[in-house]
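All values below come from the heavy atoms of this structure, side chains included, with hydrogens, waters and symmetry mates left out. Proteins get letters first, then strands, A, B, ... in listed order; numbering begins at 1 in each.
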There are 2 protein chains.
Amino acid sequence: MTASTDDRFIEAMGAIAQAEGTPRIAGQIVGYLALAGEARSLTDIASGLGVSKASVSTNVRMLEARGQAIRESRTGSREDHWRVLPPPHEGMLSAMSDRFLRHAERIEALAQAMPPGADGKRETVHGFAQFYRSASELLHDWSVSARREATAADPVPQTSGT
Amino acid sequence: MTASTDDRFIEAMGAIAQAEGTPRIAGQIVGYLALAGEARSLTDIASGLGVSKASVSTNVRMLEARGQAIRESRTGSREDHWRVLPPPHEGMLSAMSDRFLRHAERIEALAQAMPPGADGKRETVHGFAQFYRSASELLHDWSVSARREATAADPVPQTSGT
DNA sequence: CAATTCGTTAAATCTGGACTGAACGAAGTG
DNA sequence: CACTTCGTTCAGTCCAGATTTAACGAATTG
């Protein structure tokens, strides 16, 4: 019955991911790999979560692009193996940061295109752009510091020690 | 043709809202009210955006719950009037903060329920909870400071000055 | 008190995007 | 060189949730 608490955690991670606007399966994968502690093959993940390999392939590459998971190509096997690096959250933060930066640039471009009338609209729009820009910076800085902390005191389980 | 840049801003705000996992119309409303600078009735908003009053009603109340918009019940008219308060972003931050706090509590409860085995799983799960908790706190602090800054130097257009 | 207008709710519809199944190319393996 | 296995892609399905239409209660006005 020890699998039950694991499953509940994986389930919760999926729900949270969904609430944050990312695919449910992406969250489940992070939970699964975090609990595993070591790298797992795409097939393992798919059967472990009871979803199609196609879904895992898609989502695990999305996680890779975000820096939340890394691919390990072992020499012996031609299977790819995947692990989350501590903390897996860091990637989430930089994804957020990137998103906000895009928002900032998009809005700022619109502000520039606005007539500089006395109604203050252009300043209002500029204010929005400014907000997104500082949000992006804040998140970026934090993701860096979070990574540093985690690297300092690493409480992550590894099957094979140093 | 000056309405065109306004529309593009409103459009962009809707797209961003959608990208952040909230209803498109909610973002459009924020954009509309921010440009308006003063309070607008529900009917105004609906016709201004070309959407149903039901949608506006639903979304504007969601914004109110988040603190991104406030309702003004004028004595003379029985219409409700709505405005965004500067900065409207602050509500978005506290919404995020709340969400992360819920995540933290949910995960922490699971961590407590986990067997304290030597595999370090419980610590891993606890780490996730910790992450969400500090994220929540960071966002909360920032939303407060953002509000303070905006209140200090208020560049918001008001039709009726002090 | 009838008539109008406002805001909300409930049911129905519509749509974006997650997920799957099947097919394909690449890379080993015998 | 046939055969198996792996990962990806593509077309199709499915579903959550956003939006709308219609109907309702409350408030206002004459």
**OP:** Evaluate salt bridge (charged side-chain N to carboxylate O under 4.0 Å, His left out) for A:Glu108 paired with A:Arg106, printing each intermediate quantity in order.
**Re:** CA-CA 6 Å; A:Glu108 182 56 34; A:Arg106 176 172 188 178; over 6 Å; no
**OP:** Could you work out which one of C:dT9, C:dA18, D:dT9 sits closest to the side chain of A:Thr58?
**Re:** D:dT9
**OP:** Identify which one of B:Ile29, B:Thr22, B:Val30 satisfies the side-chain contact (heavy atoms from CB on, under 4.5 Å) criterion when paired with B:Gln68.
**Re:** B:Val30
Original post:
C:dC19 P sits how many Å from A:Leu49 CG, rounded?
Top reply: 11 Å
Subject >> Under-4.0 Å side-chain N/O to phosphate OP1/OP2 contact, B:Ser57 with C:dT8 >> reply: yes
Original post:
From the list D:dT19, D:dC6, C:dG7, which nucleotide is the closest neighbour of the side chain of A:Glu79?
Top reply: D:dC6
Original post:
Rounded to the nearest Å, what distance is computed from the CZ atom of residue B:Arg40 to the P atom of nucleotide C:dG7?
Top reply: 15 Å
Original post:
Rounded to the Å, how far apart are A:Gln28 CD and C:dC19 C1'?
Top reply: 12 Å
**OP:** Would you mind reading off the distance between B:Asp80 atom CG and D:dA27 atom P, rounded to a whole angstrom?
**Re:** 12 Å
Original post:
Between the main-chain N or O of A:Ser97 and the side-chain N or O of A:Ser136, is there a donor-acceptor pair closer than 3.5 Å?
Top reply: yes
Subject >> Any A:Arg71 side-chain nitrogen or oxygen under 4.0 Å from OP1 or OP2 of D:dT8 >> reply: yes
**OP:** Kindly point out which of D:dT20, C:dG7, C:dT20 is positioned nearest to the side chain of B:Ser55?
**Re:** D:dT20
Subject >> Side chain of B:Thr43 (C-beta onward), nearest among D:dT19, C:dA22, C:dG7 >> reply: C:dG7
**OP:** Give the nucleotide from the list C:dC19, D:dG7, D:dT9 with an atom nearest to the side chain of A:Asn59.
**Re:** C:dC19
**OP:** Would you indicate which nucleotide in C:dG7, C:dC19, D:dT19 comes nearest to any side-chain atom of B:Leu42?
**Re:** C:dG7
**OP:** State which of D:dT19, D:dG7, C:dG7 makes the closest approach to the side chain of B:Arg24.
**Re:** D:dT19
**OP:** Using atom NZ of A:Lys53 as one end and atom C1' of C:dG25 as the other, report the distance to the nearest whole Å.
**Re:** 14 Å
Subject >> Nearest-neighbour nucleotide for the A:Ala54 side chain, C:dG21, D:dT8, D:dA22 considered >> reply: C:dG21
Original post:
Can you tell me how far P of C:dG17 sits from CD of A:Gln18, to the nearest Å?
Top reply: 14 Å
**OP:** Measure from CG on A:Leu63 to C1' on D:dG7 and round the result to the nearest Å.
**Re:** 16 Å
Original post:
To the nearest angstrom, how far is B:His81 atom NE2 from C:dT5 atom P?
Top reply: 16 Å
Subject >> Salt bridge flag under 4.0 Å for residues A:Arg40 and A:Glu38 >> reply: yes
Subject >> Closest listed nucleotide, where the reference is the side chain of A:Arg61 and the choices are C:dC19, D:dT9, C:dG7 >> reply: D:dT9
**OP:** State, to 0.1 Å, how close B:Ala12 and A:Leu110 come at their nearest heavy-atom pair, and which atoms those are.
**Re:** CB-CD1, 3.7 Å
